[in-house]
Amino acid sequence: MPVQVLKIIKGKLETQLPSHLQREDLKHLQTGLDHTNKYFQGIVILSYPLTKLGDGTDFFKIVLQDDTCSRINSINVLMYGKMAEDCAKLIRNGDTFIVAGFKVAESPTAREDGRHACHLQVSEESGSAIFICTQPSITPFSEATSPSVAPKYVYTPLNCLKDGTVVNLYGIVKFFKPPYISKGTDYCSVVTLVDQSNVKLTCTLFNGNLDSLPKIYKNGDIVRFHRVKIREYNGQMQGITSAGFASLTFDGTVGAPVVPRASSKVYTFVDEEQKTVEELRIWAASNLSVSGPEAKLSDVKPMMFFDLTCQLVGKAKVDGSSFLLKVWDGTKCPYPTWKVPVEAKELEGDRVLLHHLRNLTVDVLVYDNHVQLAKSLKTGSFLRIYSIHTKQASAKNEDISSHIEFHLHGGTCYGRGIGILPENNPDVEELKSFLECVELTDSQNMESVSSLELGDTFDSYTDLESPLQRCQQLSATVLTDHQDMSNTVLKTVLNSSAPQQYRIRAKLRSFKPQKLYQSVKLHCSKCNTLQEVPNGDAIDFILQGCAATAPNPELQSMSWYESVVWTTEEDQGRKITIHFVKHYEMLQRPENTLLMIEGGTLKEIWKLTRRFKCVIPVKSKEDDLELLDLSAPFLLQGNIKYYGCKKCSTPKSIKNLSSLAEKREPSWEPTEIAQVLGIEPLQYVFVMKFTLVDGTGVLNAYLFDYEKFFQIPASEILTNSFLQQKMEMTMNTLSPPGRKLDDLPWLECFIKSYNVADGMKHQVYYQIFDTTVAEDVV
DNA sequence: TTAGGATTTG
């Protein structure tokens with residue numbers, strides 16, 4: 001009998017097989033080798049529907065996984081004829097599958113599916129034999145089973161569902177409605193799943209307890225459902241909660257930790273299932289496009305529907321059918337926003353905070369069925385509001401400029417609703433750190449506004465200021481060393497020979513450049529050259545050039561990284577390849593992951609830097625990946641682009657990164673990365689010319705500052721609008737525009753003079769050092 | 001029971 005079912009204990013399998021057969025390792029399966037007396041054993045992780053070939057032969061494909069820990073641990077098995085038909089009836093995922101008398105041929109799909117380079121061909125005609133060790137298909141009543149006797153669950157692929165059965169499923173969330181209060185007694189959530197069979201299933205889930213419904217936060221999340229009842233409705237299969245329904249939800253991001261969000265306190269989750277989640281993630285990454293209509297307040301336009309991740313600052317009853325939520329996400333809506341008039345006594349929330357954030361919060365008016373849920377929300381909590389509608393209000397008279405309104409209409413179409421996100425949600429963590437940064441800057445903004453107002457009040461007295469009072473005025477800058485040195489007036493400094501050091505007290509009459517971005521340069525400490533920071537267009541130009549070269553499939557998924565290829569819908573199907581660097585053979589949490597990207601645009605790379613620790617743009621050459629031209633950043637981390645000096649760098653093999661990945665806890669420090677890649681890193685620096693006056697003379701001093709003077713890292717300012725505001729405020733304090741010299745603050749500085757020989761001419765230059773802007777200024 | 005995906009009209 002070519003197909004035999006072995007109902008035996010796994011450990012004693014060998015004794016049941018013909019004695020002449022020897023087990024073959026996955027890595028030894030190659031075309032051209034003799035596998036006559038060998039058998040291959042693996043676990044069925046995927047089976048495709050039984051189909052017929054053009055000539056009417058039955059065809060059945062499965063994927064077997066080896067239990068070794070090698071990089072490629074799965075292989076496709078293709079069955080033909082009667083064997084295909086028999087196996088399709090018997091096989092379930094999780095079964096142990098043994099095959100002998102197989103043919104080994106090159107797998108045409110290896111590049112796409114990342115499985116073994118060969119596949120196995122099996123048929124009765126070619127003398128193959130198959131042994132299947134089936135899984136017990138028990139459906140337990142309780143999840144609370146001790147691990148030692150944990151039952152094996154059988155998961156049904158979505159293309160194999162039958163009316164009237166109760167099944168366990170895995171799937172990727174393609175669409176969902178966050179739980180809402182139904183017209184009956186329960187909460188309801190509608191979830192559409194898809195799996196590798198590309199078949200969709202819409203499930204309607206009910207429960208009186210909100211926590212018992214799946215904790216899905218975005219499309220692309222992966223769910224495991226236990227005990228779903230399958231019914232046919234309108235000619236399609238439909239899932240519905242049955243007694244004992246339980247779910248686990250996982251982040252769908254490749255490389256993210258596989259941590260279940262459970263709907264019950266006790267649940268089983270074993271290593272094998274972790275693999276299932278990872279497989280689904282990889283499949284989804286290359287087969288599904290699940291990007292939702294997410295937007296920040298700064299991105300909104302009139303007439304759009306979008307999902308907003310935000311914090312609730314205030315809430316208020318408006319009338320019987322609508323309720324107001326005041327939310328913010330730290331960004332500013334580019335349009336004037338609608339403020340819903342409410343009675344002061346109805347408004348709930350921290351008054352100080354509401355006032356403080358009044359220019360950043362928006363009013364979202366929620367209607368009908370969402371009102372009850374909205375009322376129960378706690379201010380301060382983090383929300384995702386799905387399918388908010390922005391509407392441009394028509395200006396009723398010309399005096400009132402049109403504004404934008406935010407509505408969450410009644411109903412649940414398109415997943416419209418409100419989800420409460422937990423504090424440990426990665427998007428919430430990202431939002432929280434962003435909001436902290438905004439709050440800080442914003443409060444400083446307010447303080448400096450009030451001090452400016454005070455300053456104006458005092459202005460009338462400054463003309464009467466005595467020289468003594470002037471000396472007693474606090475300086476807007478402070479010294480970080482050499483406190484015992486006494487002051488020298490500028491006239492003396494100018495009349496002395498260089499090099500020397502001085503402590504001076506002066507006012508900043510003017511500074512250059514006036515435009516902030518012009519003051520940030522890149523400096524090589526080795527050859528001491530300064531260069532401009534490349535702009536986005538220049539980088540995109542280099543990236544485009546590289547995207548034109550097809551990635552080399554030979555360089556995908558090597559021992560120290562795992563690769564995933566995307567094909568974009570635009571740009572004639574441009575391919576983006578991402579290589580996730582592994583740590584001890586394992587993918588890391590995204591926030592710890594270094595990845596290399598081929599073929600991405602700057603925008604796509606930026607997006608990845610928000611989620612992953614480091615991004616290195618690379619291109620394929622014949623036998624290795626390599627860095628791009630050094631006019632492009634060699635590394636992006638957080639919102640900083642790191643550049644290397646073209647003159648002083650000698651790029652080394654990209655493989656050297658694997659030595660950093662092998663460290664116990666790779667820190668992915670930019671300096672370390674630069675070092676192993678042979679890059680001499682450039683540092684961001686503020687370069688400015690200050691014209692200083694003190695009544696005795698005028699002196700131009702250069703400021704060359706990485707971070708110390710402004711207490712703002714030069715590396716971050718170009719991509720951080722809050723730091724830019726802070727810098728602007730600082731400069732406005734040191735040298736307020738439009739003020740008389742008398743009204744300028746004093747600066748205490750250290751300067752050093754030095755000689756510069758230019759041909760026959762000698763010139764004395766001055767540089768500020770060991771000085772920092774006073775704390776009350778920044 | 002409820003909803004059964006497929007934007008409100010405030």
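Order of the sequence lines sets the chain letters (A, B, ...), proteins ahead of strands, with each chain counted from 1.
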**OP:** Could you name each residue pair satisfying salt bridge (Lys or Arg N to Asp or Glu O under 4.0 Å) that touches residues 184-207 of chain A, not counting sequence neighbours?
**Re:** none
Subject >> B/S/- contact track for nucleotides 4-10 of chain B, protein heavy atom under 4.0 Å >> reply: BBSBB-B
Subject >> Under the salt bridge (Lys or Arg N to Asp or Glu O under 4.0 Å) test, residues paired with A:Glu279 that sit two or more places apart >> reply: A:Arg115
Original post:
If you look at every strand shown and take non-hydrogen atoms under 4.0 Å, does A:Thr185 touch a base, only sugar-phosphate, or nothing?
Top reply: base
**OP:** Just grab all the salt bridge (Lys or Arg N to Asp or Glu O under 4.0 Å) pairs involving residues 233-252 of chain A, residues at least two apart or on different chains.
**Re:** A:Asp251-A:Arg611
Original post:
Ring of A:Phe206 versus six-membered ring of B:dT1: centres under 5.5 Å and planes under 30°?
Top reply: no
Original post:
How many Å lie between NZ on A:Lys183 and C1' on B:dA3, as a whole number?
Top reply: 9 Å
Subject >> salt bridge (Lys or Arg N to Asp or Glu O under 4.0 Å) contacts in which one or both residues fall within residues 316-327 of chain A, not counting sequence neighbours >> reply: A:Lys326-A:Asp363
**OP:** Can you tell me which residue pairs pass the salt bridge (Lys or Arg N to Asp or Glu O under 4.0 Å) test with a partner in residues 372-385 of chain A, sequence neighbours excluded?
**Re:** A:Arg384-A:Asp427
